[in-house]
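Here is the structure we will look at, set down as structure tokens.
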Amino acid sequence: MANIKDVAEKAGVSITTVSHVINETRYVSDDLKARVYGAMEALNYRPNTLARSLRSGRTRTIGLVIPDISNLFFAEISRKIEDKGFEYGYSVILCNTDDDREKEKRYIDVLLEKQVDGIIFISAGAAKENIFKPMDVDIPIVVADRDIPSLTSDIVLIDNHKGGYDATRYLISLNHKRIACIAGPSLATPSALRVEGYKRALEDAGIPIDEALIHQGDFRYESGETCMRELLKNPDPPTAVFVCNDMMALGAIRAIQVSGKRIPEHISLVGFDNIPLSRTVYPALTTMAQPIGEMAKMAVDLLIERIQIKQHLKRNHDTEPVYKRVVLKAQLIERESCAVLTNN
Ligand code: RIB
């Protein structure tokens with residue numbers, strides 16, 4: 001099996017130069033780099049990343065913990081985080097917790113054992129408490145999407161209250177008053193805040209809140225279908241529904257169409273997230289678009305910055321810079337699923 005010395009001899013460079021090319025620890029001209037990579041290819045040489053990590057104290061891997069990979073919002077944000085991490089030269093280890101707190105804790109331990117350089121963390125549905133142990137605070141963590149007030153870390157999320165408010169204001173502007181809401185897991189901060197925004201928009205318009213029009217799903221397709229079926233049984237059914245995520249809105253669309261009613265002639269619908277399916281479903285779903293790409297980029301940027309800060313602090317006893325809280329905005333994307341109510 002070839003070693004770094006064989007690569008250096010074949011490329012006609014020093015072992016130090018080969019090491020700098022592999023570890024990107026110093027500038028090396030394109031010509032020399034090409035000779036080193038050519039020699040590695042010819043000798044089928046693969047650097048020993050474990051040994052490299054032991055020497056540098058870095059694995060150039062980041063952990064990404066998400067609640068539900070089957071939800072296209074998480075699939076989309078995972079892809080964009082992986083793209084951004086790759087640009088920085090990091091591999092991403094994806095951990096899908098299926099909204100299971102025990103699985104979440106196990107994955108944190110796995111990532112720490114694998115010595116990841118940092119973690120981007122989106123907590124499980126019921127998460128509000130901090131599951132990181134005190135000893136974990138040394139690992140750079142960025143919380144994304146779902147706030148964890150008890151965890152001191154960089155965080156990037158959206159203004160969910162305003163997102164719910166704007167979605168509902170939009171339906172009110174179309175002359176709807178019987179506006180229902182299909183909520184997500186009540187303990188998952190995004191959904192609870194969106195429902196608060198929905199209620200405030202009704203109050204600001206002088207529309208009484210009818211708790212019978214607020215049903216709780218679990219952010220999954222089937223719960224949206226079930227909640228919508230229940231809403232259609234209401235003796236005074238809604239003429240519009242704000243759904244706290246697109247996966248449930250897709251389920252609601254099916255329930256409405258199976259009932260024989262039409263969207264938007266009989267019921268207007270607004271979703272939340274702007275997953276790719278929301279624009280390809282028929283009718284195309286009006287939704288609150290989360291800036292998924294911007295959130296992913298911001299999360300990776302914050303994490304890489306924190307990794308570099310922590311490495312600097314290991315060499316110098318400076319004070320750690322304050323953590324950042326970045327709040328982005330959801331934006332209404334009008335499509336085909338809403339119409340003005342004419343017979344109010
Ligand atoms: O669709 C899943 C939902 O949970 C999204 O709205 C996102 O904010 C996540 O928290």
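In each ligand, atom 1 is the first atom listed, and ligand 1 is the first ligand listed. Counting from 1, the numbers follow the sequence of the chain as shown.
- Using a 4.0 Å cut-off between charged side-chain N and carboxylate O, Glu76 and Arg79 make a salt bridge.
- Residue Phe219 approaches ligand 1 through these ligand atoms, each under 4.0 Å from one of its heavy atoms: 3 (C), 4 (O).
- Considering backbone and side-chain N/O atoms, Arg146 comes within less than 3.5 Å of an N/O atom of ligand 1.
- Defined by atom type and a distance below 3.5 Å, a donor-acceptor pair is missing between the side-chain atoms of Glu336 and Tyr282.
- Residue contacts with ligand 1 for Met247 are absent, since no atom lies close enough (heavy atoms, distance under 4.0 Å).
- A salt bridge links Asp236 to Arg178: one of the charged nitrogens lies within less than 4.0 Å of a carboxylate oxygen.
- For ligand 1, the atoms sitting less than 4.0 Å from at least one non-hydrogen atom of Asp273 are 1 (O), 2 (C), 5 (C), 6 (O), numbered in the order shown with element in parentheses.
- The closest heavy-atom contact to atom 10 (O) of ligand 1, among the options Asp145, Asp147, Asp218, comes from Asp145.
- Taking the charged nitrogens against the carboxylate oxygens, Lys177 and Asp210 have no contact shorter than 4.0 Å, which rules out a salt bridge.
- Of the charged side-chain nitrogens involved, none lies within less than 4.0 Å of a carboxylate oxygen, so that Glu203 and Arg200 do not count as a salt-bridged pair.
- The atoms of ligand 1 that sit less than 4.0 Å from any heavy atom of Asn245 are 1 (O), 2 (C).
- Under the 4.0 angstrom criterion for non-hydrogen atoms, Arg194 is in contact with ligand 1.
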Inset, instruction - Given side-chain contact (heavy atoms from CB on, under 4.5 Å), test Ile120 with Ile81 step by step and report yes or no. - result: CA-CA 9 Å; Ile120 295 175; Ile81 285 171; 3.8 Å; yes
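- Within the listing of ligand 1, atoms 1 (O), 2 (C) sit less than 4.0 angstrom from a heavy atom of Asn71.
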